[in-house]
Structures are given as structure tokens and as C-alpha cells.
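In the text below, chain A, chain B and the rest are named by the order of the sequence lines, each starting its count at 1. Source: prediction; values computed, not measured.
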2 protein chains.
Amino acid sequence: MTTDAGAPRARAAESGARRLPTVNDVARLAGVSKGTVSKVLNGRAGIATDTREQVESAARQLGYRPNLQALSLMEGRTGTVGLLTHDLEGRFCLPILMGAEDALGAGKLSVFLCDARGDAIREQYHLEALLARRVDGLIVVGDRAAPRASLGDLPVPVVYASGPSMNPDDTSVVPDDVQAGRAGADHLLSIGRRRIAYIGGDPSYPGAHRRAEGVTSLLSERGLELVVPPMLNAWTETWGLQAARQILAKRPDVDAIMCGNDQIARGVVDALREQGKSVPGDVAVLGHDNWETLVLAARPPLSSIDANYQRLGGKAAQLLFAAMSGSPEPGLHYIDSTVVPRESTLA
Amino acid sequence: MTTDAGAPRARAAESGARRLPTVNDVARLAGVSKGTVSKVLNGRAGIATDTREQVESAARQLGYRPNLQALSLMEGRTGTVGLLTHDLEGRFCLPILMGAEDALGAGKLSVFLCDARGDAIREQYHLEALLARRVDGLIVVGDRAAPRASLGDLPVPVVYASGPSMNPDDTSVVPDDVQAGRAGADHLLSIGRRRIAYIGGDPSYPGAHRRAEGVTSLLSERGLELVVPPMLNAWTETWGLQAARQILAKRPDVDAIMCGNDQIARGVVDALREQGKSVPGDVAVLGHDNWETLVLAARPPLSSIDANYQRLGGKAAQLLFAAMSGSPEPGLHYIDSTVVPRESTLA
DNA sequence: TTGTATGCGTTATCAA
DNA sequence: TTGATAACGCATACAA
């Protein structure tokens, strides 16, 4: 006896939502069995042409869409991944998400987004929910303040993006801050600047130091050094303003100031204007992060180092995909940054 | 005979992922049947105390987590909602998401995030994917440029957030721009300003006009009017700078400038500094959107109108929840904006 | 060429 | 108090 489709489920009836058509509905309308419908809809061979047409027409008529939930029960995988973020502002999270989506979407994976907002309890809660939904993998976006504790041994592969896991056996993808510093310094040298200063962000961020390191290392390779030691303090416009004033007081001959982020760079531009220095005529200014809203609104528009977060997201997705396919690539993976030149560092 | 759990699925074996334990595994370990396990784990009454303990211990030992995918097959609902966005920057999307998550998370719903990036093809693709995954509802975040085309008659409830649907029978939640303008104007009057100018954003955005309307309507109710007609042009810092210069040229006695967004306000502050006017001593400046990165970095920190996007997200979730429960509330729902006073409008 | 039975992981029902 | 079984929507192996 054919399984009876039965009465509409209580829940669906309550909610007033139309019940979506199933293979059974299509089968009944086409006057064939469930199995036949399935074969037709999946392009299996060995079906009479008119039966095929019957079924296809019925499916179209009902607006049939296969239920991926049911499918995943059979396949043992859900085709979903979780993206667990701590980035409140979404400044870095969304590019990562977009890059991940591009890479995963091609493989037909959907993304569950969870914002834990830096709260461990909330993170645990979301983690449980994602595992209960049987995600096939997990991308964890940490903030850049410090490496984060590993989530430990989970039943699904995990890739840490932006903020790496403290456990080197985990898979992490991070911007290469040293390379970024080097690229920025190289750019300033290439436009003929030689008396360079560096204003960095909050020294409690490891990245703040690494960015500065990249600069000093490249300069020393070229037989140069900063006009004053790197000044690290905060990621703010105010700090950029203060620091630039100090630098100008000590070394009025400075011809380029490189900054730990774009906010600092904006403060620097203000300080330079205050002192009657022209940008880039007297002093070139280079930001970091390439935050378009800030950078394009500045006068002049700021050159900035782009950490390529979207590419980072793509790489994270690719690593996750590899791990889900049984070929994990543990360890730290670095993404190169790129200098985006604008008026503030014209030659 | 009890159903045999069978061999590990091929896929799971391939991917190297541990197979997660099922009720069957727990039942076997505890030496009881599936049904008994289910009853224990769901706190059903009528279970012997020692059986209960057996099962609970087995579940703990295996790290059992119920499979929500399987559950949703039975319940006829998945406990997931789709969030379809067009907001590239994520500036407004993420607060909305956070608000929605708070509201939905309490009801144990998870969120699929899809970024269509303003591309209709991509939107259609994501929509299909979400429906195939049987989301219980959909929140569509439009950009604010213009009302968007309705997605039409979908098998699940839809709530449009931020950018409303053109179809008044749909459910939409949007910031109340008129009220926002009124609130801002009221604030400026309350600190004693009377000669107010308004610099707005891109006139192709309906919201740009409504914000200005709110200002003029409140002023006229108090027997006042703007010192010059509202000036709408672009959402940029550059426009703020230009417009402020023009206003100062025509009406050097202006004592407050209200802006369509925070970028404009920053340009205005620059223009005022250029002309030697103090903020807020000579001229008060009020931004809109309360974008903290911009607003706190300005000198002085800018007062700004907050559209409460997080609350908007919460309201969208609540409306979606209501619709999913069979009580849709079609039409346009407005969220009030709030003035966040800082130094730039001190009395 | 088509139909039927089975199982994926759950819960609910009903029989024991 | 516990166990067996059906059902959710689908694909697939196998029987007809």
C-alpha cells in the first residue's frame, strides 16, 4: 500500500502558512508513484517520455521545490556552515562573510550567521545551536586584539579567521601584518620619501606591533630607519593628531607618516593642516585598513593598506571546504595586504 | 526487532568527520529502546528513576545532541529564518541583524544570512536556496534609496526592514524620518537655537526629503523657519563642507546646522573651523545616524540622531514571529529615532 | 518502464 | 513502565 500523505500538520495549519508541495503531491497529480517522480526530477534514465512530461508539468504546476532538510537527513550532511563572529561593528566581518559566501555559494553551502558579541556564554549557546543543526563546518571570526582560545575538539572542522586560535594545530587565516608594514614602507620609498615616521594603534594588540615591525625591518634592509621610534598608543583620530604634533615638533623635516589605521591617518592630516604642511607635497600620509568611508572623505583622499578581508574570507571558506573533504591544512595561513594608492601619497 | 543503526554513512567516512551519536546509539548503550530515550531526554513523565539515570548517563557519555534537522522534518517547521540583505557596507544591516537575533534567539530561531549585493539574480538565487531549506520566514533588508519591489506571494511570511516594500499589503519596518527631523529640530530649539539651517543628502533618496520635512514642519509649528531652504545634494563630507560655506556666506548669523548624516556633519565642522567659528559656541552641529566611529572622532564629538536600527531589527523579528504564528500585521511600521546629545550641541 | 520498501533521526501513539 | 511502529520528505535499491 502506498504511504498516505496524511492530513496537513497541525503546526502548519496553525501558522496559516501554505503547506509546501512534496513528492507525494506531485506524484498524486501526475498519477504516478513517488519513486517515479524522484527519478524524473533527478534526471535518472529509463523513464517514458510522456511520463516524464506528466511529472514535470505537475511539478511546475505545484511549484514543487525539493526539501533540502529531508535530503540532508539522507546524505548525512546539511550543506550548511556556521559563521560565528565577535566583530560588533561588522567592519571586518562582512567582507569576510562576503568572501566566504562567494567561495561556498559555488558549492551550494548556506551560511548561519551568529554574533556572539565577545560574550563567552553567548558563544557557547550559539555553538550548541549550530552543532544541533548539524552544520558541516564552522568559521570563527575573532577580533584582532589577541589570539583566542581554541574551541577544542569539535565534531566538525573549524577555521579561525582574522583572530587566530591559540592552538597551532587548529586552522587559522590571518592578515599578514608584517608583510603589510613592509608593503607600506616600500610604497613610501618608491615615491621618494626617506624621512619616515610611524604612528601605530593600541599596543595591547599584537598586530599593532607587527605592522610597525614590518616597516622597520624593510627600512633597515634598505639601510634606513624611522626618524623617531614607532609610537603606539590607540586606534583613534585623537591619537593620530597628538602623535603627529609631537613628531612635527621633534622632526619638522619628516616627509612621510605611516599610520596603524585610517582613523589615525585622519588625525595626522588634521595636524598637518594645522601646521601649514601640505599633503602630500610636504608630507605623505599612508593609512591602514582602507576603510572607504573614512579614506575617501579625507582631504586629500588617503592612500591606505588594504588587508583584503574578502580574500581572507574566501581563503577561510576554501580551507574549511578542504577540511570538510578530509584534507585539513592546519596551522597559520597568511593573507597578503595591498597598498591602495590615492592622492595622499602621490609621487 | 529494533532498527539497526547500520554502518557509518559513506559521506561521513570520506570526510573524516566523526559520526554524531543518535538516539539509537544512546539507546544501545543504555540498554533501552529509542522511544524510552526520547521520553527521558524530553522530560516526559512515567519513567523509572534508574532507567532515567541510565539514559542520562549514556547520553552524557556519548555527548549526545538531538538532531534538529530530523526534528524539523517531523514538526513541519525548521526554526530558521532567512535574512536577505542588500546592504554592502553592513553599516545598517548588522545592527538590524543583532536586534533580530536577540528577538529570535529567545525563540530558538537561527538565522541564514544572504548578501545579494543589490543584484537581482543573486537575490533570486538566494531566495530559492532559502525556500529549499524551508525557512519559516524571511527578513529582507533593503537599502534606503527607494522602496523595493515586493517579492510577491511566497509560501512563508516576509518582513521588509529599512527599505520598505512597494506593496502596502506587505509588512515593512522603517525608520521614521519625519519624526527624526522633528526630534532633531526640537533638540536644537531646546538649547536655545533659533537661526537653523539644514544640509541634507542625496535628493534621490526619499528619506533625505522626509528628514528635511520633519525639521521644517516642527519649526513652522513653533512659528519659525529655516534661515535658508533645505539644501540636499549628497551624503558626503565634501558636500557638507561646500554647503556650510555657502550658508555662512549668506547667513553669517546662523546658530545651528542640522545635517542629513554624520559625514555631512563632519564636513560642516571643518567649514566652521575654517571660518573661525566655534562649535557649539557660535554654531551648534547635529549629525544623523550616530555612526560612532565618525561622531566620536570629530572635534568636538558630534551630537547625532540615532535611527535605532537594532530596535528596528527587533521589531522586524517580532512582526515576523507574529506572522509565522498566524497573526500578520501588514503595512508600514515606523521606528522612532532618538537624539544622542554630545558636545556639538551643548546648551 | 514503473512501483514498493527501506532508511536517514526524531517524536508520538499505542500496545504490551 | 517500556517497547515497537508509523510518520515527516526524500532517494535508491530492488521487485514487478
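In this structure the side chain of Asp119(B) never reaches within 4.5 angstrom of the side chain of Tyr125(B), judged on heavy atoms. Looking at heavy atoms from C-beta onward, Leu41(A) lies in side-chain contact with Tyr64(A) at the 4.5 angstrom threshold. With contacts defined as side-chain heavy-atom distances shorter than 4.5 Å, the pair Arg44(A)/Ser38(A) does not qualify. Arg122(B) is not listed as a side-chain neighbour of Cys114(B), based on a closest heavy-atom distance of 4.5 Å or more. Contact of the Asp102(B) side chain with the Gln310(B) side chain is registered, since non-hydrogen atoms from C-beta on lie closer than 4.5 Å.
Taking a cutoff of 4.0 Å between a charged side-chain nitrogen and a carboxylate oxygen, Glu123(A) and Arg148(A) qualify as a salt bridge.
Between the CD atom of Glu53(A) and the P atom of dT2(C) there is a distance of 12 Å, rounded to whole Å. The distance from atom CD of Gln54(A) to atom P of dT2(C) is 10 Å, rounded to the nearest whole Å. Atom P of nucleotide dG9(C) and atom CZ of Arg28(B) are separated by 11 Å, given to the nearest angstrom. Put simply, CZ on Arg134(A) is 11 Å from C1' on dT10(C), counting in whole angstrom units. Taking atom CG on Leu73(B) and atom C1' on dG7(C), their separation rounds to 12 Å, with Å as the unit. When rounded to the nearest whole Å, the span between CZ of Arg19(A) and C1' of dC8(D) equals 10 Å. Distance CG (Leu62(B)) to C1' (dG9(C)): 15 Å, rounded to an integer number of Å. dT6(C) atom P lies 22 Å from atom CD of Glu75(A), rounded to whole Å.
Ile139(B) pairs with exactly one of Val111(B), Leu320(B), Val173(B) by the side-chain contact (heavy atoms from CB on, under 4.5 Å) rule, that one being Leu320(B).
Nearest-nucleotide positions on DNA chain D for Ala48(B) and Ala70(B) put Ala48(B) closer to the 5' end.
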request  = Classify every nucleotide of nucleotides 11-16 of chain D by which part a protein heavy atom approaches to under 4.0 Å, writing B for the base, S for the sugar-phosphate alone and - for neither, in 5'-to-3' order.
outcome  = BB----
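Contact annotation for Arg65(B): backbone-only contact, meaning every heavy-atom pair under 4.0 Å involves sugar-phosphate atoms and none involves a base.
When distances are taken from the side chain of Ser33(B) to each of dC10(D), dG3(D), dG3(C), the shortest belongs to dG3(D).
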